[in-house]
Protein chains: 2
Amino acid sequence: MARAGLTAERLTQAAAELADEVGFENVTVSALARHFGVKDASLYSHIRNAHDLRVRLAVLALAELAERVAAAIAGRSGKDALVAFAQAYRTYAHEHPGRYTATQMALDPDTAATSAAAKHAEMTRAILRGYDLWEPDQTDAVRLLHSTFHGYVSLERAGAFHSHPRGVEASWLRSLDALDSLLRSWPTD
Amino acid sequence: MARAGLTAERLTQAAAELADEVGFENVTVSALARHFGVKDASLYSHIRNAHDLRVRLAVLALAELAERVAAAIAGRSGKDALVAFAQAYRTYAHEHPGRYTATQMALDPDTAATSAAAKHAEMTRAILRGYDLWEPDQTDAVRLLHSTFHGYVSLERAGAFHSHPRGVEASWLRSLDALDSLLRSWPTD
DNA sequence: TAGGCTTGCCTAGAGGTCCTAGGCAAATAA
DNA sequence: TTATTTGCCTAGGACCTCTAGGCAAGCCTA
């Protein structure tokens, strides 16, 4: 009997593809086992449980997203960097809906620190170098940007913007203009 | 044998309470049946299936949230209205985490139109009356505000802001200042 | 108040997911 | 080659979803 050659990495990778196909919430141990032509129980020597699998998937997705964003903002600054960041973020979410959903998992503090989650804040902060913002305004702005990007993508995918004919793409670009303008004249109390 | 007196409404209400206690994803038909001291199968004469139950819960939560927000902005305008809206929105999400998660369910177009989801956009639009914004900027601003509020609450609950010592509350209030400032000087191309 | 009707909740049971315990055999090390 | 590790297996329990069909509580009407 030939072995399937499973590893935690291969499982995580396959889970990521599965997530994009059928949605993050449908990434089950059973489905993954089926995909490899193997019994459910066989996976438990590689992953601790279903939650562990999803955490690994989240960490993978966070790393991919961080990499994309880093590549996008490299060599840019100011509004260029802001737009590049936002486009990379949103594009990743659209191309990899399941993986993107995974990035929103609540990770325990240890995992979050080890993962690329911290890199996000750092990169968002890098964008702000092109603007005249210092602590604590910088942190407030980072949080606002992150929230807006995530909120936009999240609501868009939930269909919240379908009720109005105005194109989502156009609104998105205008919102980036608005955020740029806001960062350039951040209210100082 | 006395009857439990179940109705779709009572089930939905109980599901809402359950969601806030154990999380939206743990709202199961079984758990609900246990709560009423009844067998799982008994619920299927009142609700079609588990998905139907969750949709009803989402519709309930959307209505509650809309009501809170409407009460908050009544009689206010401009920045007052903006802040009241935002606070009501975030407070609801904090007090009713399970219900709030439910509001993010992807509803089919019919249900969404019938539900209070449409009311949200309408109310956000009402806020903008205090600012000098007209179509299509108004729609863009509505989407930006909605995204930011949802994104903030969502990231906050996922623990995304814990990595930095700056208080989330302080950041949130500053972000509202920033949004107010942005709406007052919305960039016109 | 006795009959009949509706309907609320039941039992039984099939199928799916998660996970543990323990076993055999393939791959690797001694 | 033998010993050890490791990968995948079978078996089985617990929980969740949902369907089909049954009995009786509570309502009507006479």
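Here is how names work: the chains are called A, B, and so on, in the same order as the sequence lines, proteins then strands, and each is numbered from 1. Remember, predicted model here, so these are calculated numbers, not experimental data.
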- Query: Does D/dC28 have a Watson-Crick or wobble mate here (both distances under 3.5 Å), and if so which one?
  - Reply: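 Here D/dC28 is not engaged in any pair, so there is no nucleotide opposite it.
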- Item | Identity of whatever pairs with C/dA30 - Watson-Crick or G-U, under 3.5 angstrom | D/dT1
Selection from [options] that lies nearest to any side-chain heavy atom of [X]:
X	options	value
B/V38	C/dC10, D/dT17, D/dT10	C/dC10
B/H46	C/dG8, D/dC18, C/dC18	C/dG8
A/A41	C/dC10, D/dA11, D/dC16	D/dA11
A/K39	D/dT10, C/dT11, D/dC16	D/dT10
B/Y44	C/dC19, D/dC9, D/dT19	D/dT19

Send over the distance from [X] [atom1] to [N] [atom2], rounded to a whole Å.
X	N	atom1	atom2	result
B/R10	C/dG8	CZ	P	13 Å
A/L43	D/dC9	CG	P	9 Å
B/E9	C/dG8	CD	C1'	15 Å
B/R48	D/dC18	CZ	P	11 Å
B/L32	D/dC15	CG	P	18 Å
B/I47	C/dC9	CD1	P	13 Å
B/D52	D/dT19	CG	P	12 Å
B/D40	C/dG13	CG	C1'	13 Å

Examine [N]: is either OP1 or OP2 under 4.0 Å from a nitrogen or oxygen in the side chain of [X]? Give yes or no.
X	N	result
A/S42	D/dC9	yes
A/R34	C/dT17	yes
B/S45	C/dG8	no
A/S30	C/dC18	yes

Say whether [X] and [Y], considering side chains only, have a donor N or O and an acceptor N or O under 3.5 Å apart.
X	Y	value
A/S147	B/T148	no
A/T139	B/H164	yes
A/Q87	A/W172	yes

- How are the rings of B/Y89 and B/F149 set to each other: parallel, tilted or perpendicular (split at 30° and 60°)?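 Rings of B/Y89 and B/F149: tilted, as their planes differ by 30° to 60°.
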- Could you label the plane-to-plane angle of the A/Y100 and A/H150 rings as parallel, tilted or perpendicular, counting under 30° as parallel and over 60° as perpendicular?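 The rings of A/Y100 and A/H150 sit tilted, inter-plane angle from 30° to 60°.
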- Within the structure shown, what part of the strands sits under 4.0 Å from B/A31 by heavy-atom distance: base, sugar-phosphate, or nothing? nothing
